[in-house]
Amino acid sequence: MELSVKKEPDKGLPDLQGASGGVVMRFAPNPNGPPTLGSARGIIVNSEYVKKYGGKFIIRFDDTDPVKKRPMPEAYGWYLEDCAWLDAKPDLVITASERIDLYYPIVEELISRGGAYVCGCPQSVFKEHKDRGVPCEHRDQTAEKNLELWGQMLDGTLAEGQAVLRIKTDMGHKDPAIRDWPAFRIVSTPHPLVGSKFRVWPLLDFESAVEDHLLGTTHILRGKDLADSGSRQKYLYDYLGWKYPQVIHWGRIRIHQFGSFSTSKLRKAIEAGEYTGWDDPRVPTVRAMRCRGIQPEALRKFMIDLGVGETDIAISMDSIYAENRKLIDPKANRYFFVWNPVELQIEGDVPSIAKAPLHPAIDRGYREIPAKNKVFICHSDLEGLKIGERIRLKDLCNVEILSLEPARARFEGRDVGKRMKIIHWAPASGVAVKVLKPDGIDEGVGEAGIAKELNQVVQFERYGFVRINRLGEPIIANFAHR
RNA sequence: GCUCCGGUAGUGUAGUCCGGCCAAUCAUUUCGGCCUUUCGAGCCGAAGACUCGGGUUCAAAUCCCGGCCGGAGCACCA
């Protein structure tokens, strides 16, 4: 008898076709800034597939535009740093700008096989040809002529803007995006990494296609904005007799809390001083997340759960925060931080030391906070109090409110009462703390023990999780989430 | 204008290829209760979705056609 089998919900990433023998996958950023959350998705999902099937994970810097998307020399290292932090160390790192002379022999081969030609049409003229679907005069040049012109591109006889190398596809192709696409152009601006070593630079479609072949890439994950690239590149693969990798496209990712962002826009805003830097808590970079105490595992889990759908998605940081909270809640020590502090005078026999657990559920010992007849409480807490009300100062004592302005209270015993309103406080001798949040800055005073938590994630009770980033006066913490 | 790709709860996501086990998964979110010397933590419970219209079929989230909505490409950008 056959048992009916309940369909199991798929966990993790969908299977890749033809991946059983291992995969070679790459993430190919242009290093014109540090990785953003969008890059993190590419880094994480590619590396996760390599972990799943075995093989090689490659970081390839597609830095072939010295002008419009000019690379930042520092950014190459930033990518590697963030990859390591994301537990996605590449097996191989290559940089396209250092490999341009690998591409030139391929061009000659292509020209000889009639797959490419040097086109001298001004951009606007060629666009007309493309729109009408008719070849331009250069398309039928002989291979010899093309080789000669290619040589002139390389040796400087032809100036920037005078010629491009095109891949021959089909000028009558029903999709205008596919018609004879440009593969190389002349750029006289020096490249930030290799200077003026090359003057003829490949465009993305060519560089990426050739590198994917050279590196033995088996599977490509790319944004669906590049969906037409495959159709273009297949012509090149056919001329050369290469086998095209499997391709998966995914949609654009937007984040509610950050709106739409691009590396170049961020760069401008930072240069203009709108943000303090690439790790400003208001910015959606991987390093900003790190400084806020977001754990790499949280990012990994989140990105893997997103999967590889082609739909454009608008996600909320809430899900990342929820993942992160599960990870850091058991790890983070608790401290008191009072924002918008106001003084509370307390009459009577207030204990001179409060003994409070570093964690409510896990035994990690205690912190000792000096108290006295004066403490700080939050202005917002004071506003909610009434004269005569009895409340508890957490881990210290109970008090009865005598007056609100100025704030005064009377010691009313140390035993924890049932159903009593509990607020937190900070010692009069506390340290200044400044919390940088995505939506503003909170300043206040915290207990001195915070200074022992440099580079750690802690929870400020009744406030949220923060990462302590700099000691000093004040101590600087970046806000993670509630 | 030409071309391509999508559309499952507020947000994501599984299921769609190979129709029935889907009165649709999981997470997040929101709300309620319990617990708690912080909390948006924990425990328990609830809310909430197949873009629309036709067709095929005993049976459609799943296949076909059309509409609507959304995204992308048509750069000497990546």
Side-chain angles (χ1 to χ4, degrees), chain A residues 3-11 14 28-32 62-65 67-71 96 119 121-123 126-127 130-131 133 160-166 173-179 181-187 200-201 203-205 207-208 222-232 249 251-253 255-256 262-264 301-302 305-307 309-323 325-326 328-330 332 334-336 356-357 360-361 392-398 415-418 420-424 459-465 481-482:
Chain A
L3 293 171
S4 73
V5 180
K6 180 84 181 165
K7 286 177 192 165
E8 285 298 324
D10 277 4
K11 290 261 188 284
N30 175 19
N32 59 348
D62 283 354
D63 57 345
T64 55
D65 187 344
V67 181
K68 293 186 184 166
K69 296 222 166 154
R70 192 171 173 80
C119 174
C121 292
Q123 211 169 340
F126 189 82
K127 179 162 170 46
K130 175 180 347 221
D131 288 345
E160 183 168 323
Q162 283 192 313
V164 296
L165 180 87
R166 288 189 188 284
H173 197 287
K174 62 174 181 169
D175 184 350
I178 309 304
R179 298 170 190 164
W181 49 274
F184 280 84
R185 83 298 208 189
I186 301 165
V187 181
V200 179
W201 285 87
L203 279 317
L204 178 71
D205 278 330
E207 179 269 336
S208 181
R222 66 176 155 220
K224 68 176 182 181
D225 51 323
L226 262 30
D228 292 333
S229 275
S231 312
R232 286 193 284 258
H249 294 116
R252 258 213 168 335
I253 178 169
I255 299 174
H256 292 311
S262 73
T263 305
S264 40
K301 175 152 195 318
F302 177 78
D305 282 352
L306 278 189
E310 288 197 41
T311 321
D312 292 333
I313 54 176
I315 58 160
S316 167
M317 288 300 291
D318 286 347
S319 297
I320 293 177
Y321 294 159
E323 284 308 331
R325 194 176 295 122
K326 287 174 198 161
I328 62 180
D329 183 65
R334 268 56 173 176
Y335 291 96
F336 290 152
R392 179 165 183 83
L393 295 173
K394 188 166 186 288
D395 300 310
L396 181 64
C397 66
N398 306 326
D415 294 340
V416 180
K418 273 278 173 228
M420 195 174 241
K421 182 171 186 175
I422 296 163
I423 65 169
H424 70 291
Q459 188 196 59
F460 286 165
E461 296 201 22
R462 300 214 301 145
Y463 182 75
F465 293 94
H481 47 74
R482 295 296 310 243

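Each chain gets a letter, A, B and so on, in the order its sequence line appears, and its residues count up from 1.
Across all strands shown, A/Gln459 has heavy atoms under 4.0 Å from base atoms, whether or not it also approaches the sugar-phosphate. Contact annotation for A/Asp395: base contact, defined as any heavy-atom pair under 4.0 Å involving a base atom. Nucleic acid contact class of A/Lys394 (heavy atoms, under 4.0 Å, all strands): base. A/Leu204 comes within contact range of at least one nucleobase, with a heavy-atom separation under 4.0 Å. A/Pro29 comes within 4.0 angstrom of nothing in the nucleic acid, heavy atoms only.
Remark: the separation of the C1' atoms in B/rU11 and B/rC17 is 27 Å, to the nearest Å. Taking atom C1' in both B/rG48 and B/rU25, the straight-line distance is 14 Å, to the nearest Å. Nucleotides B/rC52 and B/rC43 have their P atoms positioned 36 Å apart, rounded to a whole Å. Comparing the C1' positions of B/rG19 and B/rC64 gives a spacing of 13 Å, expressed to the nearest Å. Nucleotides B/rG53 and B/rA60 have their P atoms positioned 14 Å apart, rounded to a whole Å. Of the C1' atoms belonging to B/rA49 and B/rG10, the separation is 11 Å, rounded to the nearest Å. Taking atom P in both B/rA9 and B/rA24, the straight-line distance is 15 Å, to the nearest Å. Atom P of B/rG71 sits at a distance of 22 Å from the matching atom of B/rG66, rounded to the whole Å.
At least one side-chain nitrogen or oxygen of A/Thr64 sits closer than 4.0 Å to the OP1 or OP2 atom of B/rA78.
Between the side chain of A/Thr311 and the backbone N or O of A/Ile313, no donor-acceptor pair lies under 3.5 Å. Between the A/Arg179 side chain and the A/His173 main chain, a donor and an acceptor come within less than 3.5 Å of each other.
With sequence neighbours left out, A/His481 forms a ring pair (Phe, Tyr, Trp, His ring centres under 6.0 Å) with A/Tyr321, A/Phe465. A search for salt bridge (Lys or Arg N to Asp or Glu O under 4.0 Å) contacts involving A/Asp65 returns A/Arg185, not counting sequence neighbours. Partners of A/Arg70 by side chain to side chain contact (heavy atoms under 4.5 Å, CB included), not counting sequence neighbours, listed by chain and number: A/Pro66, A/Thr189, A/Pro192. In this structure A/Asn32 satisfies the side chain to side chain donor-acceptor pair (under 3.5 Å) test with no other residue, sequence neighbours excluded. Scored by the side chain to side chain donor-acceptor pair (under 3.5 Å) test, A/Arg392 finds A/Asn398 as partners (sequence neighbours excluded). Shown here are the side chain to side chain donor-acceptor pair (under 3.5 Å) partners of A/Asp305, two or more places apart in sequence or in another chain: A/Lys301. Qualifying side chain to side chain donor-acceptor pair (under 3.5 Å) partners for A/Lys130, counting only residues two or more places apart in sequence or in other chains: none.
Along RNA chain B, the nucleotide nearest to A/Leu396 and the one nearest to A/Thr311 differ in position, and the one closer to the 5' end is contacted by A/Thr311. In terms of position along RNA chain B, the nucleotide closest to A/Ala314 lies nearer the 5' end than the nucleotide closest to the other residue of the pair A/Ala314 and A/Asp63.
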For nucleotides 69-76 of chain B, which of its nitrogen or oxygen atoms have a protein nitrogen or oxygen under 3.5 Å away, and what is each distance?
| unit_1 | atom_1 | unit_2 | atom_2 | d |
| --- | --- | --- | --- | --- |
| B/rG71 | O4' | A/Asp312 | OD2 | 3.3 |
| B/rG71 | O2' | A/Asp312 | OD2 | 2.3 |
| B/rA72 | O2' | A/Lys224 | O | 3.4 |
| B/rG73 | O2' | A/Asp228 | OD2 | 2.8 |
| B/rG73 | N2 | A/Asp175 | OD1 | 3.4 |
| B/rC74 | O3' | A/Lys130 | NZ | 3.3 |
| B/rC74 | O2' | A/Pro176 | O | 3.3 |
| B/rC76 | OP1 | A/Gln123 | NE2 | 2.2 |
| B/rC76 | N3 | A/Gly161 | O | 3.4 |
| B/rC76 | N4 | A/Gly161 | O | 2.9 |

Hey, what are the protein-to-nucleotides 64-68 of chain B N/O distances that come in under 3.5 Å?
none

Could you list all N or O pairs between the protein and nucleotides 28-31 of chain B that sit under 3.5 Å apart?
| unit_1 | atom_1 | unit_2 | atom_2 | d |
| --- | --- | --- | --- | --- |
| B/rU28 | OP1 | A/Lys326 | NZ | 3.2 |
| B/rU28 | O2' | A/Ser319 | OG | 3.4 |

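Counting only residues at least two apart or on different chains, the salt bridge (charged side-chain N to carboxylate O under 4.0 Å, His left out) pairs with a member in residues 223-232 of chain A are A/Asp205-A/Arg232, A/Lys224-A/Asp312.
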(message) Taking Watson-Crick (N1-N3 plus N6-O4 or O6-N4) and G-U wobble (N1-O2, O6-N3), each under 3.5 Å, can you produce the dot-bracket string of RNA chain B? Use [ ] for crossing pairs and | for inter-strand ones.
(response) (((((((..(((.......[.....)))((((((.......))))))...(((((..]....))))))))))))....

(request) Decide side chain to side chain contact (heavy atoms under 4.5 Å, CB included) for A/Thr64 and A/Leu203; before the verdict, give the C-alpha distance in whole Å, the side-chain angles of both, and the deciding distance to 0.1 Å. (result) CA-CA 7 Å; A/Thr64 55; A/Leu203 279 317; over 6 Å; no

(message) Quick one, A/Phe302 with A/Ile315, criterion side chain to side chain contact (heavy atoms under 4.5 Å, CB included). Give me CA distance, side-chain angles, the key distance, then yes/no.
(response) CA-CA 10 Å; A/Phe302 177 78; A/Ile315 58 160; 3.4 Å; yes

(request) Test side chain to side chain contact (heavy atoms under 4.5 Å, CB included) on A/Arg222 and A/Ser229 and set out the steps. (result) CA-CA 10 Å; A/Arg222 66 176 155 220; A/Ser229 275; 4.1 Å; yes

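Across A/Arg325 and A/Pro330, no two heavy atoms sit closer than the pair O-CD, 4.4 Å. When all heavy atoms are compared, the tightest approach of A/Arg334 to A/Ala332 is NH1-O, 2.7 Å.
Rounding to whole angstrom units, CD1 of residue A/Ile423 and P of B/rC39 are separated by 12 Å. Distance, A/Asp62 CG to B/rA78 P: 8 Å, rounded to whole Å. Atom C1' of nucleotide B/rU13 and atom NZ of A/Lys301 are separated by 11 Å, given to the nearest angstrom. Between the C1' atom of B/rG12 and the CD1 atom of A/Ile313 lies a distance of 7 Å, rounded to the nearest Å. Atom C1' of nucleotide B/rA14 and atom CG of A/Leu306 are separated by 13 Å, given to the nearest angstrom. Straight-line distance from the CZ atom of A/Arg392 to the C1' atom of B/rU36: 14 Å, rounded to whole Å. Per the geometry, CZ belonging to A/Phe460 stands 18 Å off C1' belonging to B/rA41, to the nearest Å. Rounding to whole angstrom units, CD1 of residue A/Ile255 and P of B/rG12 are separated by 12 Å.
Here the side chains of A/Glu207 and A/Trp201 are not in contact, with every heavy-atom distance at 4.5 Å or above.
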